[in-house]
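Scroll down for the structure; my scribbles are underneath it.
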Amino acid sequence: MNQAVNVGTHSKENFETLGIPTGRLAMWWFLASEIVIFGGLICIFLLMRWRHPEWHAEAEHTLNFAGGFNTLVLLTSSLSAVLAHDAIEKGLPKKAASYLGYTLLGGILFLGVKSYEYAHEIGAGFVPAKSMFWSFYYLMTGLHAVHVIAGMIAIFVVMLGVRKGQNLQRVELVGIYWHFVDVIWIFLFPLLYLSA
Amino acid sequence: MTQESSTTTGHDAAGHEIPYVQIWAWLVFALVASFFIGELTVPVLGIAMIFTIATVKAYLVIANFMHVKFEPKFVLLILGAAALSLYFFFFGLVPDTVYGPFK
Amino acid sequence: MSDSAHASSQSFITKYIFSTDHKVIAKQYMFTGFFMALLGGFLAYVIRMQLTYPGESIPGYGAINFLQYNSVVTMHGTIMIFWVAMPLLLAALGNFLIPLMIGARDMAFPKLNMLSYWIFFLSVVVLIASFFVPGGAANGGWTTYPPLSSAKYSGGQWGVTLWLIAVALEFAAFLLGGINFVTTALNMRAPGMKLFDMPIMVWMQVVASVVFMLSVGPLIAGAIMLLLDRTVGTGFYDPAQGGDPMLFQHLFWFFGHPEVYVIMLPAFGALAEVLTVFSRKTIFGYKMIVYATIATGGMSFLVWAHHQFVAGIDPRLATPFSITTILISVPVAVTTFSFMATLWKGKIRFTTPMCFALGTISLFLLGGVTGIHHGAPASDMFLHDTYFVVAHFHYALIPQVFFAFFAAFYFWFPKMFGAMFNEVLGKLHFLGTFLFMNVTFLPMFVLGFMGHQRRIANPQMFDTLRNAQVEHLHFIATIGAFGLLLSQVPLLINLVVSLIKRKAPGNNPWQANTLEWTTSSPPGHGNFETQPTVYRGPYEYSVPGAAQDFIPQNVKQ
């Protein structure tokens, strides 16, 4: 386990004494801290939801269809992110760049639908301060949307690099992050929309 | 621990073939299923089914798309530690937050 | 990755300000921490003066009203924990030592490291700005419990909001730093260095970083909720709107208690290095200390509610949390007693760092023992929110944040600056700090037993506290605080004089084993001329039959 790759040399390469490349290891630790942030918020929501059974009346006003459609969008964008990684493995950076482009499109579509939902709900009088359910709704989906935007920026930067053939290992890292954002949404969707 | 040099970027290059599109199809199927269960509004059992499906979906993404299946066990340790922290957090808060004096 | 080939042609700005070199970043964190310590110390002086001479004008501050007093107390606590303890013990020591101790060129992500410092710097700016906004700085206590921190009760609108933003930035900086620490220690070790060949300091930094990363999440969510409560009008913590003020207390302490260990573990790491070197003995129970550290880190997630025994939590929670609280002293005691056993029959050298290290143990013992009073709900009922608690956590934190840090500071000073400090001034610094620390905080135990609440601006407004004895004890504590501040003057002189004189210390002035002593003082860009290979553990002192009484880790035999 401890046989370093670069014994005796003074190379700038990472030594990978654990069997995981340094970039990916850092990504996993980063996700662990993200899990605790989002997971903490989800825990708080679950506890408050348990305490207030009457919230189901409010939850009925979320747009199930839009939420479901957005889940589909994120799942599909995840697929293209992982296909981009696959293309890198097969030595096809151009193809990977276009797959990342599809992922970006998915992100834009997701944010568009989300904005439509927000507009619709605020128009119907469901503002963040209307009741605690709506406070949580905007907080959780908003925090998620911030992560979507951050992921899109990262993917965009990586995509530009891949086009020039640089930093190909980053495709996997942004992919892992994007899947994590997807997993969060997989839980937010039933929590906020379906369990009315 | 898997042995790999820094030239490879992923585990599936080492010979693991993952049917990405097929897994995506399963995910979409699970989504449609949970959507209809949600619309039916079956009490308790419906909720349980919805969250079971969500967990399965999350597993499929984490194991296959994020390649956790093929990562060294250490990655599971990292993610597990985060989950364990949340576990303590959740159950420590139940008595006060669900049944607490400020209800 | 930084480009070492151009190290000599770097401009002043890339070399000293926007540097990616971990050693420079460590110094940046350290001097920012020193600056904030001065600010926190000034606030402590204001608190002491107000308590001793209530209502009178304070030289250097002026007359203080009760709202301002609340701000001063809040900011003193906040600054000392988040902007002094964290940067000094975690960021400065970790950044400087982890790459050097494991034989790496730099951190795994040097640019991320630089980013983390500048986010931290921004948080300092926001925090200091909060002193000058209408309504003054945050005044809800360093714990910012709602409703004290809600828009309705916190006086000014801006103070708490800026406080929350500053703390959020600080957390972001330390999350990035923590990821860097952990990946560096796991993946960048020199060839031959197994996990159990790492110096205890590296272990402690890694465990502290992991504990920080895994405990801070719910509070980040909770801080956003508080921010929304204050700005948008949501009611997460407002019972009238279905919220729960106690929720914030849980969120705060779920992070806040592990935070105690985030600060403690790096301090213990410094002790392990200093005590072993100056006892000329191998450390007692290396693996036991490592396992105890991991156990401490894990158990720190299970003790948080002991801060809330009197807050009205479910009584059924009190018993389990009091059991875990008392239990966590077991792994901490294992570590402490291993340190003492390391001293046993050693050839002890009473250098300045050793004095500070021994001072840490003796003072921390008192802080630890008085913690038992708070772990047991029955006694905590009476002592909670009194000066007994204040004395307790100052006895726990000052040994760690100042004594252990100074032990580390003097110990690695030759390596950091390439200059030797003056022993006499160092000892003077230690003696003054040790003596006046006790003069300041011992009276507070007594004040607490007399029922003196913490955070009150004027004890003379309470019938039970309006007597000569309370005044007398406050007077002694204030004398002690003055002495404590004055005792830092030798440190300043020492720093300036030794940096001007530049007495070269050589690579290994303490005859120590770990890898940082095998390179030049201070190490150049890239740390090591040739990459070291590790053949042995970090603590092989006084090995029978060896030519010297120490064998550095890179020596093959």
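Keep in mind that the numbers below use all heavy atoms, side chains included, and drop hydrogens, waters and symmetry copies. Quick note on labels: first sequence line is chain A, next is B, and so on, each numbered from 1.
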Legend entry - Worked check of side-chain contact (heavy atoms from CB on, under 4.5 Å) between B:Glu71 and A:Ile20: CA-CA 8 Å; B:Glu71 286 275 21; A:Ile20 311 172; 4.2 Å; yes
Quick one, [X] and [Y] - any side-chain contact, counting heavy atoms below 4.5 Å?
X	Y	answer
B:Phe65	A:Ile176	no
B:Ile78	A:Leu25	yes
B:Lys57	A:Phe187	no
B:Val68	A:Trp28	yes
B:Phe35	A:Phe189	yes
A:Met48	B:Val98	no
B:Ser34	A:Leu194	yes

Under 4.5 Å heavy-atom distance to chain B, tell me which part of [X] shows up: side chain, backbone, both or neither.
X	result
A:Thr76	both
A:Leu83	side chain
A:Phe180	both
A:Val183	side chain
A:Leu31	side chain

Legend entry - Which atom of A:Ala32 lies closest to which atom of B:Ala82, heavy atoms considered: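 Residues A:Ala32 and B:Ala82, closest heavy atoms: O-CB, 3.7 Å.
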Legend entry - Closest approach of A:Gly40 to B:Leu86 (non-hydrogen atoms, all atoms of both residues):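 The pair with the smallest heavy-atom distance is N-CD2, 3.4 Å.
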When rounded to the nearest 0.5 angstrom, what is the spacing between [atom1] in [X] and [atom2] in [Y]?
X	Y	atom1	atom2	answer
B:Met66	A:His85	CE	NE2	12.5 Å
B:Leu93	A:Ile44	CG	CD1	7.5 Å
B:Trp24	A:Ser80	CH2	OG	10.5 Å
A:Arg51	B:Thr97	CZ	OG1	7.0 Å

Legend entry - Side chain / backbone / both / neither for B:Phe90 at chain A, heavy atoms under 4.5 Å: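 It is both, since atoms from each part get that close.
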Legend entry - Which atoms of B:Leu27 approach chain A - backbone, side chain, both or neither, heavy atom under 4.5 Å: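 Both backbone and side chain.
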Inset, instruction - Show your reasoning for whether side-chain contact (heavy atoms from CB on, under 4.5 Å) applies to A:Trp50 and B:Val94. - result: CA-CA 9 Å; A:Trp50 188 356; B:Val94 169; 3.8 Å; yes
Legend entry - chain B contacts, top residue of A:Leu79, A:Leu75, A:Val36, A:Ile35 (heavy-atom pairs, under 4.5 Å):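 Most heavy-atom pairs within the cutoff with chain B belong to A:Leu79.
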